[in-house]
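Here the structure is a predicted model, which means the values were calculated and not measured.
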Amino acid sequence: MGKGGQSHGEIKDGEENMAAWLLGVNNLKIQPFTLPPLGPNDVRVRMKAVGICGSDVHFLKAMRLADFIVKEPMVLGHECAGIIEEVGSGVSTLVPGDRVALEPGISCWRCNLCIEGRYNLCPEMKFFATPPVHGSLANQVVHPADLCFKLPENVSLEEGAMCEPLSVGVHACRRANIGPETNVLIMGAGPIGLVTMLAARAFGTPRIVIVDVDDHRLSVAKNLGADETVKVSTNVQDIGEEVAQIHKAMIGGVDVSFDCVGFSKTMSTAMRATRAGGKVCLVGMGHTEMTVPLTPAAGS
């Protein structure tokens, strides 16, 4: 389905393929979806687990996310895992019955960015549930075989579907060069903040402080391994006091801050809390425009 399709049902083995179509604001409907032809290097996958991402919610509530605008009915979903049902004639690495997690982005593999290994920046990227490309919240999808990754037996299909958001945290930690000598501050204890926290711990960071406006989210973060939590407000006037609380909670200096919220206040807080020579990394899709103190940051 990441390769396209149409809103007319197709019968496969006596079963009509169905998908969750976004038809308008807060208008989601289950209706038939025809799969594209199975190419020689493709596989057909029966979906077993599909996560609901913040982008899906944005599209449902507003029919847009940043500059991505839903202009016609679209199938949602991109965090997914399933079981191989059929393989193309040229596929030798997978067989029916294999449990796989799907890489939701199909890049061109020809542009300079792809050749450099930065395929996530490919200008021709076709990404599940990013207009006008359909997603994976369906009974079955067709996808390139080399973008389907076999799951170990000790990894469930639900965990396999979470590989995609987890990869966001892993990528952030790689970009920031997280290691055993790096104290980490995380702005936001939502799903992306939490997977970034888990990834940072796996990369060896000795201390993690995470902040949020919500007590429940902070308690979840604490249970998942945050060393300390700091509750903050949405008031810009509180930044100075909150930075002092963050420094007290960190004990040492903040080497790297991850802003997993994307508001002017969270970025300003991260910049003020991070030590001179440290790093501030924006993770995920925040507000389209932010006002941040670049001149003070440049001085440190």
Side-chain angles (χ1 to χ4, degrees), residues 1-6 9-21 30-53 55-56 74-110 114 117-120 122 124-130 133-171 174 191 195 198-199 202:
M1 288 173 57
K3 300 173 65 178
Q6 53 190 340
E10 180 184 71
I11 302 297
K12 284 190 176 293
D13 301 325
E15 176 192 0
E16 188 173 36
N17 194 50
M18 306 295 286
W21 285 81
I30 305 299
Q31 61 185 30
F33 189 96
T34 298
L35 296 178
L38 185 74
N41 298 310
D42 295 334
V43 293
R44 179 164 54 89
V45 186
R46 179 172 295 278
M47 289 291 96
K48 290 296 185 180
V50 181
I52 302 300
C53 180
S55 64
D56 296 311
M74 180 185 77
V75 177
L76 289 176
H78 64 264
E79 304 171 351
C80 54
I83 298 174
I84 301 292
E85 293 243 321
E86 183 182 3
V87 302
S89 59
V91 177
S92 59
T93 56
L94 296 168
V95 298
D98 282 345
R99 302 158 59 254
V100 294
L102 280 65
E103 157 62 68
I106 305 174
S107 58
C108 74
W109 293 111
R110 297 182 303 275
C114 283
R118 305 181 72 186
Y119 67 92
N120 57 301
C122 175
E124 297 182 30
M125 176 67 73
K126 297 179 176 63
F127 197 93
F128 275 149
T130 303
V133 181
H134 293 294
S136 58
L137 190 52
N139 294 132
Q140 300 183 46
V141 303
V142 168
H143 206 54
D146 60 359
L147 297 180
C148 296
F149 298 88
K150 191 172 179 179
L151 295 173
E153 288 303 317
N154 64 336
V155 175
S156 70
L157 286 160
E158 289 79 9
E159 291 167 334
M162 293 298 98
C163 287
E164 194 274 341
L166 178 61
S167 72
V168 175
V170 172
H171 180 64
R174 285 176 173 171
V195 296
L198 294 172

Asks: How close do G51 and M162 get, heavy atom to heavy atom, and via which atoms?
Replies: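 Nearest pair, atom of G51 first, then M162: CA-CE, 4.0 Å.
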Asks: Is there a side-chain contact between C53 and E79 in this structure, where contact means two heavy atoms from C-beta onward sitting under 4.5 Å apart?
Replies: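 A side-chain contact under 4.5 Å exists here.
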Asks: Taking the side chain from N17 and the backbone from Q140, do they hold a donor-acceptor pair closer than 3.5 Å?
Replies: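 Indeed, once roles are kept as given, a pair shorter than 3.5 Å links the two residues.
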Asks: Nearest 0.5 angstrom please: E86 CD to L35 CG, how far?
Replies: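 One finds 10.0 Å between CD of E86 and CG of L35.
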Asks: Got a second to check how far H134's NE2 is from K126's NZ, nearest 0.5 Å?
Replies: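 Atom-to-atom, H134:NE2 and K126:NZ are 13.5 Å apart.
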Asks: How are the rings of W21 and F33 set relative to one another: parallel (under 30°), tilted (30 to 60°) or perpendicular (over 60°)?
Replies: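 Answer is tilted, since the angle falls between 30° and 60°.
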Asks: To check you understand the geometry: which heavy-atom pair defines the closest contact between C122 and C108, and what is its length?
Replies: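 Minimum heavy-atom separation between C122 and C108: SG-N, 3.4 Å.
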Asks: State plainly whether the residues E124 and R110 are in salt-bridge range, i.e. N to O under 4.0 Å.
Replies: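 Here E124 pairs with R110 in a salt bridge, since their nearest N and O are under 4.0 Å apart.
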Asks: How close do V100 and V45 get, heavy atom to heavy atom, and via which atoms?
Replies: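 Closest approach of V100 to V45, heavy atoms only: CG2-CG1, 4.2 Å.
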Asks: Rounded to the nearest 0.5 Å, how far apart are OG of S55 and CZ of F127?
Replies: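 Going from the OG atom of S55 to the CZ atom of F127 covers 7.5 Å.
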Asks: Judged by atom type as modelled, is there a donor-acceptor pair below 3.5 Å linking the side chain of H78 to the main-chain atoms of V50?
Replies: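 Side chain of H78 to backbone of V50: no pair is present.
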Asks: Should D42 and R44 count as side-chain neighbours, where that means a heavy-atom distance under 4.5 Å?
Replies: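 D42 vs R44: side chains apart.
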Asks: To the closest 0.5 Å, what do you measure between CE (M47) and CG (L157)?
Replies: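 Interatomic distance, M47 CE to L157 CG, rounded to 0.5 Å: 9.0 Å.
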Asks: Shortest non-hydrogen contact from A49 to A161?
Replies: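 Closest heavy-atom pair between A49 and A161: O-CB, 3.7 Å.
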Asks: Taking all non-hydrogen atoms of both residues, which atom of G160 and which atom of A101 are closest, and how far apart?
Replies: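 So the minimum-distance heavy-atom pair works out to O-CB, 3.5 Å.
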Asks: Would you compute the distance between atom CE of M74 and atom CG of L137 and round it to the nearest 0.5 angstrom?
Replies: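 Here the interatomic distance stands at 11.0 Å.
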Asks: Does any part of the side chain of F149, heavy atoms only, come nearer than 4.5 Å to the side chain of E103, both counted from C-beta?
Replies: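 Counting from C-beta outward, E103 and F149 do come under 4.5 Å.
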Asks: For the backbone of V155 and the side chain of R99, can you confirm whether one donor and one acceptor N or O come within less than 3.5 Å of each other?
Replies: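 Pair found, side chain donor or acceptor close to backbone of V155.
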Asks: D56 side chain to G77 main-chain N or O, any donor-acceptor pair under 3.5 Å?
Replies: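 Yes.
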Asks: Using 0.5 Å steps for rounding, measure from the OG atom of S136 to the CG atom of N139.
Replies: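 Here the interatomic distance stands at 12.0 Å.
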Asks: For F128 and V75: C-alpha separation, side-chain torsions, deciding distance, then whether side-chain contact (heavy atoms from CB on, under 4.5 Å) applies.
Replies: CA-CA 9 Å; F128 275 149; V75 177; over 6 Å; no
Asks: Side-chain contact test, heavy atoms from C-beta onward, threshold under 4.5 Å: evaluate it for I106 versus P144 and give yes or no.
Replies: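 Yes, close enough: below the 4.5 Å cut-off.
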Asks: Is R118 close to N120 at the side-chain level, that is, under 4.5 Å between some pair of heavy atoms?
Replies: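 Result yes, sub-4.5 Å side-chain heavy-atom pair found.
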Asks: Show the nearest heavy-atom pair for residues V43 and V87, with the distance to one decimal.
Replies: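 Shortest heavy-atom contact: CG1-CG1, 3.8 Å.
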